[in-house]
Visitor: 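Handing you a structure now.
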2 protein chains.
Amino acid sequence: MQDAFSKHPQVKQPRLVEKIRGIIPQLPKQEARVAQYMALNAKYLGFETGASIAKKAGTSEVTVGRLLRRLGYKGMAGLKQEIKIDHTAGTLDINTEQDTTEINTLMKHVLDSEIQALMSIFEQASGPGWASIIQAVCNVDTVFVSGYQSIRGVAEDFSRRLSLARDDVRFISAHDSMLGEWIGNSGGLADGHKECLVIIDVVPYAREAEVLSKLCRDQGRDLVVVSDEFCHWASDYTDMIIHAPSKSGLFLESTGAIVAALNLIVHAVAENDPQATSQRLERWQSMTRKLRVF
Amino acid sequence: MQDAFSKHPQVKQPRLVEKIRGIIPQLPKQEARVAQYMALNAKYLGFETGASIAKKAGTSEVTVGRLLRRLGYKGMAGLKQEIKIDHTAGTLDINTEQDTTEINTLMKHVLDSEIQALMSIFEQASGPGWASIIQAVCNVDTVFVSGYQSIRGVAEDFSRRLSLARDDVRFISAHDSMLGEWIGNSGGLADGHKECLVIIDVVPYAREAEVLSKLCRDQGRDLVVVSDEFCHWASDYTDMIIHAPSKSGLFLESTGAIVAALNLIVHAVAENDPQATSQRLERWQSMTRKLRVF
DNA sequence: AACGTTATGAAAGAATTATAACATTGTCAA
DNA sequence: TTGACAATGTTATAATTCTTTCATAACGTT
């Protein structure tokens, strides 16, 4: 696995095809055939295997391997890796071309995962579901936030920051507060009063999260779940879900993507009514100044 | 939530994803994870292999195979075939170019900043100062952690996670606890007892942070500061500083890089004594199992 | 023609991946 | 608790895929 992250494409045409096209003239006959085939079928290359390409190009497996190596890939696996990256990165062509100073392999790998995770988040934040999530958080009288264990703090921070962007944000913890906030109206919302709950939960999923979700829906609140890529329970309760990839090869799962997603939500909510927001910020600053916290 | 104008291939959801989504609720935990992963990464499934999916989903290869068969495919090969068909039929648009998400300019810019910030962190984590920071956190009897305002939660999470990697980690908050932890020995450490403090602080810097830092040094503790790129005060007290870029163009500064840095620290500490760590994890798991939190 | 250089595929081997059989663990109800 | 049964991982095995080595063929150069 050669350094993947420094290779994100800037050009639309996948590098692969470019590279192949450029090199064809200098190739020996058979290899050129293979190259030609690959260029033409670049899209399907992911499904091919060295052998299958060889057969279709009418040559031997060995030749395919040789070409691959000549192109600078470490065999078929390497090529697939690159294609895959082309796909992820192709959707948002970002300039990541930096020469990063020497970083060891694990680090490289982790960094790559983190970047991928980030990209995934930004994709989701540009996707069709995003707007409804933001609306759910904006057009509501009260927003509740909850999170457990290893990301509880992140959830609390989220509620703090969201408070800077809008009114009536509360962090709740079923364990601590016994859900006093929700027992008001005999299990339902007051008329005309709209609420929503943002649950942040990662593996190992908290028993509490699912229970709370059910309760939330039963009482008529909107539900937004920010979770990791393995969360299988959320879709039973809502379709406003953000899946933040967390698998990065570290001792504990990474929470970077979740944080990024939450940051984006706060931003979007703030953007939703910029004027009100800047007023809020001002008031906040003057408050903190009086408190002399800083 | 199906908007007609979206450029997204919602309708195009391939059979595969449908099928998976439908069956997830009835699946056992691990298989559900795999299923979830597959649904989320349907686009890239073509490049994956049974083993690679297993790894990324954090389960064993066998489970993947079982799921595949449960879904009606004859193993990995069968699935790939189906994908290939879907693909050629244009259902899964693996095709890079158009029809992919359009991310607006701000987003692109923010994403770019975030990535840069990440890279900066990873560079620092490979630089010369890193080792001493890790040593400071490892070779010490007690680690204190503190953080304020908008990243207080992050700091708390860090202390929770660090607790999984080593003993005697405590979150302190001068305001809340009045520093009871530190008034023991008339302002100094007991002999032979080594302690260190990790302060996490971002702009606008908390008055408390600097005071605490001074106190910390005066009493003979090591000090690590994780802060943003503007932090001006930390270098007066220590040279173990991580600067996590936070300027990203969002309404509030981004905390992604800080979180990444903290994740890396936890990992490095865990790595420092892998055996002890895995034992700790085990004990933790059995504890949580007894508590039935999950 | 003699020679070296490059191109190529065959066969053997190494590595990876998929499947099957078995063992362990966890879960739930009596 | 205990026992039955489902879930999951382990080990072993088979199948596939990739790489290496080597012998031969093709080509051009002197």
Side-chain angles (χ1 to χ4, degrees), chain A residues 1-2 20 23-38 44-84 203-205 207 210 230 232-233, chain B residues 23-38 44-84 278 281-294:
Chain A
M1 172 162 333
Q2 65 290 72
I20 294 180
I23 209 177
I24 282 191
Q26 298 141 44
L27 290 176
K29 264 198 300 284
Q30 291 299 88
E31 285 189 34
R33 290 180 66 154
V34 177
Q36 184 66 23
Y37 177 87
M38 297 205 328
Y44 311 113
L45 242 41
F47 306 105
E48 302 275 13
T49 141
S52 70
I53 294 177
K55 207 169 68 186
K56 292 189 193 158
T59 180
S60 81
E61 212 175 326
V62 191
T63 306
V64 176
R66 259 194 289 261
L67 172 62
L68 251 27
R69 228 156 304 135
R70 196 195 298 255
L71 289 170
Y73 301 107
K74 199 171 147 279
M76 207 58 204
L79 182 141
K80 287 199 184 167
Q81 170 81 10
E82 166 130 349
I83 299 179
K84 191 170 166 189
V203 69
Y205 305 108
R207 172 173 305 245
E210 202 168 341
F230 305 118
H232 50 268
W233 60 265
Chain B
I23 209 178
I24 282 189
Q26 298 140 45
L27 290 176
K29 263 197 300 288
Q30 291 297 88
E31 284 188 36
R33 278 179 75 125
V34 177
Q36 180 68 26
Y37 178 86
M38 297 205 324
Y44 314 120
L45 244 42
F47 310 111
E48 302 273 12
T49 133
S52 70
I53 295 178
K55 207 171 69 189
K56 294 190 191 157
T59 181
S60 77
E61 212 175 325
V62 195
T63 305
V64 176
R66 262 194 286 260
L67 172 63
L68 252 25
R69 221 160 304 136
R70 198 194 297 251
L71 289 170
Y73 301 106
K74 199 175 148 281
M76 205 58 207
L79 180 142
K80 284 209 182 156
Q81 188 156 331
E82 165 129 351
I83 296 180
K84 195 169 171 183
S278 72
L281 251 190
E282 233 165 70
R283 265 178 288 148
W284 176 70
Q285 279 169 352
S286 96
M287 268 176 51
T288 53
R289 216 173 293 126
K290 278 175 195 149
L291 281 171
R292 316 198 103 249
V293 187
F294 303 125

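Both backbone and side-chain heavy atoms feed into the values below; hydrogens, waters and symmetry mates do not. Below, chains carry the letters A, B, ... as their sequence lines are ordered, and counting in each starts from 1.
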Visitor: Can you check nucleotides 23-28 of chain D for protein contacts, nitrogen or oxygen pairs under 3.5 Å, and list what you find?
Guide:
none

Visitor: Atom CD1 of Ile53(B) and atom P of dT17(C): how far apart are they, to the nearest Å?
Guide: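 Whole-Å distance recorded here is 11 Å.
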Visitor: Under the salt bridge (charged side-chain N to carboxylate O under 4.0 Å, His left out) rule, what pairs show up with a residue in residues 44-66 of chain B, not counting sequence neighbours?
Guide: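 For residues 44-66 of chain B, and leaving out neighbouring residues, the salt bridge (charged side-chain N to carboxylate O under 4.0 Å, His left out) pairs sorted by first residue read Lys84(A)-Glu48(B), Glu48(B)-Lys56(B).
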Visitor: What's the CZ-C1' distance between Arg33(B) and dA7(D), to the nearest Å?
Guide: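 Taking atom C1' of dA7(D) as the reference, CZ of Arg33(B) is at 15 Å.
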Visitor: Can you measure Leu27(B) atom CG to dA6(D) atom P for me and round it to whole angstrom units?
Guide: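 Taking atom P of dA6(D) as the reference, CG of Leu27(B) is at 15 Å.
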Visitor: Can you tell me how far C1' of dC22(D) sits from CZ of Arg66(A), to the nearest Å?
Guide: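 Checked: the CZ to C1' distance equals 11 Å.
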Visitor: Is there side-chain contact between Gln30(B) and Arg33(B), with heavy atoms separated by less than 4.5 Å?
Guide: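 Side chain of Gln30(B) against side chain of Arg33(B), heavy atoms only: contact under 4.5 Å found.
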Visitor: With sequence neighbours excluded, what pairs up with Thr49(B) under the side-chain hydrogen bond (donor to acceptor under 3.5 Å, both in side chains) test?
Guide: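 Testing Thr49(B) for side-chain hydrogen bond (donor to acceptor under 3.5 Å, both in side chains), a comparison that skips the adjacent residues, returns none.
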Visitor: Holding to side chain to side chain contact (heavy atoms under 4.5 Å, CB included), I want the full list of residues that pass it with Ala57(A), two or more places apart in sequence or in another chain.
Guide: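 So Ala57(A) forms a side chain to side chain contact (heavy atoms under 4.5 Å, CB included) with Val34(A), Tyr37(A), Thr59(A).
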Visitor: What is the distance from CD of Glu31(A) to P of dA7(C), rounded to the nearest Å?
Guide: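 Value for this atom pair: 7 Å.
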Visitor: Considering residues at least two apart in sequence or located in another chain, which fulfil the side-chain hydrogen bond (donor to acceptor under 3.5 Å, both in side chains) criterion with Arg70(A)?
Guide: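 Applying side-chain hydrogen bond (donor to acceptor under 3.5 Å, both in side chains) to Arg70(A) gives Glu31(A).
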Visitor: Whole angstroms only, please: what is the CD-P distance between Gln30(B) and dT25(C)?
Guide: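 Going from Gln30(B) (CD) to dT25(C) (P), I get 16 Å.
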Visitor: Please report the shortest heavy-atom distance between Leu79(B) and Met38(B), naming the atom on each side.
Guide: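 Residues Leu79(B) and Met38(B), closest heavy atoms: CD1-CE, 4.3 Å.
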Visitor: Do any side-chain nitrogens or oxygens of Ser60(A) fall under 4.0 Å of OP1 or OP2 in dT8(C)?
Guide: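 For Ser60(A), the contact criterion (side-chain N or O under 4.0 Å from OP1 or OP2 of dT8(C)) is not met.
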Visitor: Which heavy atom of Met76(B) sits nearest to which heavy atom of Ile53(B), and what is that distance?
Guide: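 For Met76(B) versus Ile53(B), the nearest heavy atoms are CE-CD1, 3.8 Å.
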Visitor: Could you work out, with side-chain hydrogen bond (donor to acceptor under 3.5 Å, both in side chains) as the rule, every residue matching Gln81(B), not counting sequence neighbours?
Guide: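 Not a single residue meets the side-chain hydrogen bond (donor to acceptor under 3.5 Å, both in side chains) criterion with Gln81(B).
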Visitor: Within this structure, what is the CD-to-C1' distance between Gln26(A) and dA7(C), rounded to whole angstrom?
Guide: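 So the CD-C1' distance, Gln26(A) to dA7(C), works out to 16 Å.
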Visitor: Using whole Å, report how far CD of Gln81(B) lies from P of dA18(C).
Guide: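 Taking atom P of dA18(C) as the reference, CD of Gln81(B) is at 15 Å.
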Visitor: Is there any protein nitrogen or oxygen under 3.5 Å from a nitrogen or oxygen in nucleotides 17-19 of chain D, and what are the pairs?
Guide:
from, atom 1, to, atom 2, distance (Å)
dC18(D), OP2, Thr49(A), OG1, 2.8
dC18(D), OP2, Gly50(A), N, 2.8

Visitor: Between Leu27(B) and Ala35(B), what is the shortest heavy-atom contact and its length?
Guide: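 The pair with the smallest heavy-atom distance is CD1-CB, 3.7 Å.
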